[in-house]
Number of protein chains: 2
Amino acid sequence: MISTAEENYLKAVFKLETELQGTVPTGALAQSFNIQAPSVTDMVKKLASKKLLRYEKSKGVRLTDKGRKIAVAIVRKHRIWETFLVQTLEFRWDEVHALAEQLEHVHSEELIDRLDTFLGHPKIDPHGDPIPDKNGKIQATRAITLKMGEPGNTYKLIGIREDSIELLQFLNKLKIGLGSVLFIEDRESFDQSLRVKVDNKAQGFLSAIVANALLVVDA
Amino acid sequence: MISTAEENYLKAVFKLETELQGTVPTGALAQSFNIQAPSVTDMVKKLASKKLLRYEKSKGVRLTDKGRKIAVAIVRKHRIWETFLVQTLEFRWDEVHALAEQLEHVHSEELIDRLDTFLGHPKIDPHGDPIPDKNGKIQATRAITLKMGEPGNTYKLIGIREDSIELLQFLNKLKIGLGSVLFIEDRESFDQSLRVKVDNKAQGFLSAIVANALLVVDA
DNA sequence: TAATAAAATTAGGTAAGCCTAAAAATATTT
DNA sequence: AAATATTTTTAGGCTTACCTAATTTTATTA
């Protein structure tokens, strides 16, 4: 059996592998959990001995296929739970992350499959991240960031590229949510901020930083 | 913060206090968890130091009000999750116990309240056990066991007085489920078994033992 | 390339929650 | 009430997943 701590390591390695485009140094893991480096060394040794990742001393780790499979399964659980919390229990999307972190460690394939069916096999979670299917396939999002958008075009918000609660709450204030229709009126050449209309009502400027965090598709 | 292990102890003490009508010896807890007695001694000391229960050496334990409050909250969570699994995700009632044991330890009042609302504030879980309300009030079931029923009367099954999977599966075979209408045709004086009709179809005999496990109300 | 800085590992330690073996307390039987 | 049986506790250990301090390895800069 695999422990909650082990699952969290695999999930973190999975995430960092893509972010860093390769081997994950132990320090990156320590930072991501806010724990001390030696704790990570211990744990990656254990996971390596379980063949869930490959560990090269002083270099870092890579997931094995076995480890990646588990990591993806956890990501799937996390995103399905988030979808359930927002879609069915009407939580706000900025409230669900911590809860999903707990729920993702409930051991039951059957439970997740039933939830998935109940939710109508959603492809994207409330943060806009793609939900891996039962076999671990992750459907690539064709989304771009709003920053990449063109003035004069209209986009639909399908996700957020950050887990920052601050950002989510800021967007809530602006009445921007999943599905919001964003029309780019203009781009300020000075700071690359965007003047946008939200759901056809003039809204004002979004900084380039914010625009870069908004995943959109053509509307 | 309270750990999963601690929560399980409080839940078990709560259950055993009613079953044994008073102080719970440490041995009863050891038995209920299938662990060794010394482990229990350690844990009850810790819980006593947290004022969640009162511990009299070599005598046993009783919940404090603080401890009971937590225990009831866990029972509430467990039963709401069971209800959700059966009512919404269409699990069979004999499949949900183990899952609810995991879900009950997810820390979030808000989550349970929203589930409760989503489910329409159910009063009774799929095993027929009453669901404590937000304040910990447990509505007494007015149910009797089928064994207490009278020949010639009709009853509706609202619950089961056992957590035995065997019993639940046996009832499934007989096509007896929550809501089934049971008409007592006759009682065998030899062994107190009951001849019943299930949902108006002649079914045959239920032993006194089974009848005693079926919670019913007048239909 | 040698010196220094940064990152990672080794070594030894802690708390939680379980364990076994032995001792002590309580209950039961004669 | 003494002897025996049962239950509970004490004492000391183990594993998991973390810790700090010291050392070693790797990277950077002079």
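To find a chain, count down the sequence lines: A is the first, B the second, and so on, and within it residues start at 1.
Side-chain atoms of A:Glu6 come within 3.5 Å of backbone atoms of A:Ser3 as a donor-acceptor pair (strictly under, hydrogens ignored). Within the 3.5 Å criterion, the main-chain N or O of A:Asp113 finds a donor-acceptor partner in the side chain of A:Thr117.
With respect to A:Arg76, the salt bridge (charged side-chain N to carboxylate O under 4.0 Å, His left out) criterion is satisfied by exactly one of A:Asp125, A:Asp116, A:Asp129: A:Asp116. A salt bridge (charged side-chain N to carboxylate O under 4.0 Å, His left out) with B:Glu104 is found for one member of B:Lys11, B:Lys77, B:Arg79 and no other, namely B:Lys11.
Residue-level contact check: B:Thr26 touches the backbone only, with heavy atoms under 4.0 Å from sugar-phosphate atoms and none from bases. As judged by a 4.0 angstrom heavy-atom cut-off over every strand, B:Ala5 is placed among residues touching the sugar-phosphate backbone only. Residue-level contact check: B:Tyr9 touches the backbone only, with heavy atoms under 4.0 Å from sugar-phosphate atoms and none from bases. If you check every strand for non-hydrogen atoms under 4.0 Å, A:Ser58 touches sugar and phosphate atoms only. As judged by a 4.0 angstrom heavy-atom cut-off over every strand, B:Lys57 is placed among residues touching the sugar-phosphate backbone only. Residue contacts shown for A:Thr41 include a base, since a base heavy atom lies under 4.0 Å away.
Ion pairing between B:Arg114 and A:Glu90 fails under the 4.0 Å rule for side-chain N and carboxylate O. For the pair B:Arg68 and B:Glu17, the salt-bridge criterion is met [side-chain N within less than 4.0 Å of a carboxylate O].
Nucleotide C:dG17 holds its C1' atom 8 Å from the CD1 atom of B:Ile35, rounded to whole Å. Between A:Met1 atom CE and D:dA17 atom P there is a gap of 13 Å when expressed in whole angstrom units. Rounded to a whole Å, the CD atom of B:Gln31 is 9 Å from the P atom of D:dT7. Spacing between atom CG of A:Asp42 and atom P of C:dT9 amounts to 10 Å, rounded to whole angstrom units. Between the CD atom of A:Glu56 and the C1' atom of D:dT25 there is a distance of 14 Å, rounded to whole Å. What separates NZ of B:Lys46 from P of C:dG17 is a distance of 3 Å, to the nearest Å. The separation between A:Lys45 atom NZ and C:dT10 atom P is 4 Å, rounded to whole Å. Distance CG (A:Leu29) to P (C:dT9): 11 Å, rounded to an integer number of Å.
A perpendicular orientation is assigned to the rings of B:Phe84 and A:Phe118, their planes being inclined by more than 60° (bins at 30° and 60°).
Summary of helix geometry: the two end axes of the helix from C:dT1-D:dA30 to C:dT30-D:dA1, each defined by five base pairs via their C1' atoms, are inclined to each other by 0° (rounded to 10°).
Phosphate proximity of D:dA17 to A:Ser39: absent, as no side-chain N or O sits under 4.0 Å from OP1 or OP2.
Sequence order on DNA chain D of the closest nucleotides to A:Ser3 and B:Gly27 puts B:Gly27 first from the 5' end. Projected onto DNA chain C by closest heavy-atom contact, B:Met43 and B:Pro38 fall at different nucleotides, the more 5' of which corresponds to B:Met43.
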